[in-house]
Amino acid sequence: MTDSVRIIGDKIALVGFDDISPVPSEEFKSTANRTDANVAFSLSEESFALAPLQHIDSLPKDTLSSTDQGNSLKQGIRGDSYQGALSALPECYPICVGNKRAAPSSQMLVAAARNYPPPPHKYGPIVLVTSYTKFSDLAHGPRGREASRAMRSFRLNICDGTLTLLSVVPEKMMHNPAFCRRHPTLNVVYACTESVKKEGEIVTLALDGRTGALREHCPAVGAGGTSTCYMTISNSGRRMLLVNYWDSTICCFELLGDGKMGRLLSSYDPKEGKPMKASSDSHVNHSRNDDAAQAERQGDPHSHAIVLEPTQGQIAYVPDLGMDVIRQLHFDEETGVVTPCGEITSGVKANQRGLGPRYLHFAKDLHACYVVNELASQVAVFEYHPDVATSIAKAYKNAASRTEKEQVIFQCEATLTLVQTVSTIPEAFPVEMNTCGRVTIHPSGDFVVTSNRGHDSVAVHRVHKDSKPPGMLTLAGIFHTRGETPRHFQFDKSGQWLLVANQDSNTTAVFQFNCSTGAVSYSGNTYACESPNFVCVWDGA
């Protein structure tokens with residue numbers, strides 16, 4: 001049997017049965033002008049959706065197994081299918097072959113064909129955009145408009161790059177969300193809040209993949225520090241690591257099986273209890289990059305991200321913008337404790353100016369790591385040594401006593417070696433007029449992309465997988481983002497669409513990305529959004 005459907009004139013027929021019984025399709029007017037009279041449809045193609053089908057949460061409970069009911073949060077993100085829909089299909093689309101009803105799988109094919117093409121707002125990845133709501137308690141100084149609603153969801157049309165606004169959260173639901181992290185298996189998203197004057201929070205939201213609606217999944221929890229700016233979920237999904245930029249603290253929380261936040265497991269303070277030199281009530285604008293601003297910003301440690309190495313997931317790296325180092329820490333997932341085990345200078349200084357490491361990203365298929373130095377407008381390329389990371393993890397596991405474990409930590413070698421630095425801005429552009437934002441690797445693995453706040457652009461560097469060592473970079477191009485201060489950006493899963501949050505022009509813009517050359521071209525799609533600071537594409541990169 002062939003799992004496909006054919007259009008025969010104005011009728012749909014199941015293919016693969018000896019007795020083909022064409023089914024009239026009065027609903028199929030959208031395809032009446034097709035020139036291809038014999039078209040095969042398959043649900044394995046991403047161009048089909050079951051738009052009219054109900055979301056799993058709205059199905060009668062007796063149509064779902066207990067497993068389906070318990071895992072309802074796992075369904076419906078892309079809007080094209082969900083587990084449990086088969087049992088509802090015969091009532092929605094009763095298709096007969098001869099005198100018998102067709103098999104459920106065949107009925108799904110007919111349902112897909114009848115609803116092709118789906119409405120743009122019903123199919124495609126969900127896009128979440130967060131916004132600043134109060135500027136006065138931030139370390140930096142946005143120049144856009146304060147948002148009354150802190151998060152909104154869109155649907156991305158993967159055919160033309162357009163966005164359709166689906167939902168916005170209620171007013172005052174969140175205060176200055178600045179970073180999001182999706183759960184690896186559930187329809188749950190975490191947002192951390194940013195304030196130098198009060199403790200940050202982790203807000204946990206459940207996402208309805210059919211409508212884009214966001215609702216509170218569990219009460220917000222305190223983040224253990226101020227100006228929370230980055231979250232990472234451990235490989236097992238049982239722990240959340242986070243950093244607080246202003247007071248530099250590094251915390252680990254328990255994550256429960258249903259995606260809700262658990263208890264605080266550990267906290268580490270790189271300042272070792274010492275008071276900060278800067279004051280939350282009176283401080284320099286951290287958007288500036290002149291000598292005076294750098295001197296104050298680098299007077300204290302400022303943890304800006306936390307990323308686990310890809311081999312064992314037992315070494316955590318924290319770029320410290322204030323100290324110009326990448327902190328290397330051992331992460332004990334069982335206890336949640338992080339223990340410092342080395343520091344690595346984040347790049348090469350020029351003219352005695354600071355580096356300001358902000359984010360880092362590991363390559364998937366290469367032993368390479370890329371660090372963006374915010375203050376120097378520089379990407380530093382590091383060779384990653386997985387054998388060293390593995391030996392540290394093994395030695396720590398085999399240590400019989402606490403003293404032996406401490407000795408292992410004390411003797412740790414560096415797992416990263418600096419091999420190259422490249423600029424993210426044109427040679428003649430003043431470095432003090434720019435700070436870098438995000439760095440990431442394109443889904444193809446062929447490009448490293450960095451945002452420039454000041455030059456208002458993204459820099460694209462080509463990854464040379466056959467270099468010595470692998471992963472060295474050359475510039476492919478620098479492209480303006482049609483807005484001011486591109487604080488964050490993200491690709492869709494295909495890597496063809498680049499979505500940019502232009503914070504100070506209150507816009508989110510969509511660009512096409514040439515996966516062969518690295519060229520970025522404007523799609524013509526820009527959307528109003530007050531002070532956007534983060535873009536989260538479900539199944540994005």
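The basis for the numbers below is simple: all heavy atoms, side chains too, and nothing from hydrogens, waters or symmetry mates. Keep in mind that what you see is a predicted model, and the values were worked out from it rather than measured.
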Start with the C-alpha gap between Val371 and Gln378, add the side-chain angles, then the distance that decides, and say whether side-chain contact (heavy atoms from CB on, under 4.5 Å) holds.
CA-CA 8 Å; Val371 177; Gln378 175 189 101; over 6 Å; no

Is a side-chain N or O of Tyr268 found less than 3.5 angstrom from the main chain of Pro340, in a donor-acceptor match?
no

For Phe179, what residues pass the ring-ring contact (aromatic ring centres under 6.0 Å, His included) criterion, not counting sequence neighbours?
Tyr230, Phe534

Return yes if some donor-acceptor pair links the side-chain N/O of Glu383 with the main-chain N/O of Ala368 below 3.5 Å, else return no.
no

Between Thr193 and Val203, is any pair of side-chain heavy atoms under 4.5 Å apart?
yes

Could you tell me which residues satisfy salt bridge (Lys or Arg N to Asp or Glu O under 4.0 Å) with Lys465, sequence neighbours excluded, listed by chain and number?
Asp446

Kindly check if the number of other-residue, nucleotide or ligand heavy atoms within 6.0 Å of CG (Asn398) is above 12?
yes

With sequence neighbours left out, write down each residue that passes salt bridge (Lys or Arg N to Asp or Glu O under 4.0 Å) with Glu334, or none if nothing qualifies.
Arg238

Supply the atom-to-atom distance Ile326 CD1 to Leu329 CG, rounded to the nearest 0.5 angstrom.
11.5 Å

Check: Thr228 and Tyr245 side chains under 4.5 Å, non-hydrogen atoms:
no

I'd like to know whether the aromatic ring centres of Phe513 and His442 sit less than 6.0 Å apart in this structure.
yes

Okay, side chain of Gln328, backbone of Glu413: is any donor-acceptor separation there less than 3.5 Å?
yes

Taking side chain as C-beta onward, heavy atoms only, is Val500 less than 4.5 Å from Thr508?
no

Can you tell me how the ring of His286 sits relative to the ring of Trp246, calling it parallel under 30°, perpendicular over 60° and tilted otherwise?
tilted

Please find out if less than 6.0 Å separates the ring center of Phe511 from that of Phe479.
no

Test side-chain hydrogen bond (donor to acceptor under 3.5 Å, both in side chains) on Thr481 and Asn502; report intermediate values, then the result.
CA-CA 8 Å; Thr481 60; Asn502 289 311; 2.9 Å; yes

Sequence neighbours excluded, which residues qualify as salt bridge (Lys or Arg N to Asp or Glu O under 4.0 Å) partners of Arg327?
Asp320, Glu343

Under the side chain to side chain donor-acceptor pair (under 3.5 Å) rule, collect the residues that match up with Thr130, sequence neighbours excluded.
Asn533

Please enumerate all residues that pass side chain to side chain donor-acceptor pair (under 3.5 Å) together with Asp324, with sequence neighbours excluded.
Gln298, Lys349

Side-chain heavy atoms of Ile126 within contact of Phe154, under 4.5 Å:
no

Quick one: does His461's side chain have a donor or acceptor within less than 3.5 Å of a partner on Ser423's backbone?
yes

Is the count of non-hydrogen atoms from other residues, nucleotides or ligands lying under 6.0 Å from Glu404 atom CD greater than 12?
yes

In the structure I gave you, are the side-chain heavy atoms of Val127 and Trp538 within less than 4.5 Å of one another anywhere?
no

Considering all heavy atoms of both residues, which atom of Leu166 and which atom of Gly212 are nearest to each other, and what is their separation?
CD1-CA, 3.9 Å

When every non-hydrogen atom of Asp492 is compared with those of Pro443, the smallest separation belongs to O-CG, 3.8 Å

Counting N and O atoms only, with roles assigned by atom type, does the side chain of Asn187 sit under 3.5 Å from a partner on the main chain of Ala206, one being a donor and the other an acceptor?
no

List in chain and number order the residues that pass ring-ring contact (aromatic ring centres under 6.0 Å, His included) with Tyr396, two or more places apart in sequence or in another chain; answer none if no residue qualifies.
His330

Could you go through the side-chain contact (heavy atoms from CB on, under 4.5 Å) check for His175 and Lys134 one step at a time?
CA-CA 7 Å; His175 177 84; Lys134 186 177 180 182; 3.6 Å; yes

Work out which heavy atom in Ala191 is nearest to a heavy atom in Met174; give both atom names and the distance.
CB-SD, 4.0 Å

Tell me every residue that passes side chain to side chain donor-acceptor pair (under 3.5 Å) with Ser377, counting only those two or more places apart in sequence or in another chain.
Asn434

With Arg239 as the cation and Phe253 as the aromatic partner, state whether NZ or CZ is under 6.0 Å from the six-membered ring centre and within 45° of the axis.
no

Within a strict 4.5 Å, meaning less than it, do heavy atoms of the Thr435 and Ser287 side chains meet?
no

Among residues at least two apart in sequence or on other chains, which ones pass side chain to side chain donor-acceptor pair (under 3.5 Å) with Gln314?
none

Answer with yes or no whether the side chains of Thr226 and Asn244 bring together a donor and an acceptor at under 3.5 Å.
no

Under the salt bridge (Lys or Arg N to Asp or Glu O under 4.0 Å) test against Glu374, which residue among Arg487, Arg297, Arg353 passes?
Arg297

Using only atom types and a distance under 3.5 Å, with no angle test, would you say the side chain of Ser248 pairs donor to acceptor with the backbone of His302?
no

For residues 364-387, which residue pairs qualify under ring-ring contact (aromatic ring centres under 6.0 Å, His included), counting only residues two or more places apart or in two chains?
Phe362-Tyr384

Quick one: does any side-chain atom of Ser451 pair with a main-chain N or O of Pro486 as donor and acceptor, under 3.5 Å?
yes

Those residues that, when tested against Asp332, pass salt bridge (Lys or Arg N to Asp or Glu O under 4.0 Å) (two or more places apart):
none

Whether Gln294 side chain and Gly354 backbone form a donor-acceptor pair below 3.5 Å:
yes

His304 and Pro357 have their tightest heavy-atom pair at CB-O, 4.2 Å

Evaluate the criterion side-chain contact (heavy atoms from CB on, under 4.5 Å) for residue pair Leu255 and Met261; output intermediate values, then yes/no.
CA-CA 5 Å; Leu255 267 188; Met261 294 292 297; 3.6 Å; yes

Hey, mind stepping through Gln490 and Arg438 against side-chain contact (heavy atoms from CB on, under 4.5 Å) and telling me if it holds?
CA-CA 9 Å; Gln490 195 166 53; Arg438 189 190 187 204; 3.9 Å; yes

Which atom pair, heavy atoms only, marks the closest approach of Arg149 to Ser131?
O-CB, 4.4 Å

Between Ile315 and Ile392, is there a side-chain heavy-atom distance shorter than 4.5 Å?
yes

Does the pair Asn176 and Asp137 meet the rule for a side-chain hydrogen bond (donor to acceptor under 3.5 Å, both in side chains), with working shown?
CA-CA 9 Å; Asn176 285 340; Asp137 57 353; 3.2 Å; yes

Evaluation steps, side-chain hydrogen bond (donor to acceptor under 3.5 Å, both in side chains), between Thr249 and Asp269
CA-CA 5 Å; Thr249 50; Asp269 182 4; over 6 Å; no

Nearest heavy-atom approach of Asn373 to Cys436 is O-SG, 4.2 Å

Of all residues at least two apart in sequence or in a different chain, which pass the ring-ring contact (aromatic ring centres under 6.0 Å, His included) check with Phe331?
none

Taking atom NZ as the centre, does Lys271 end up with more than 12 heavy-atom neighbours from other residues, nucleotides or ligands that are less than 6.0 angstrom away?
yes

Checking Tyr317 against Thr415: is there a side-chain donor and acceptor pair closer than 3.5 Å?
yes

Heavy-atom neighbours of Lys197 NZ exceed 12 at 6.0 Å:
yes

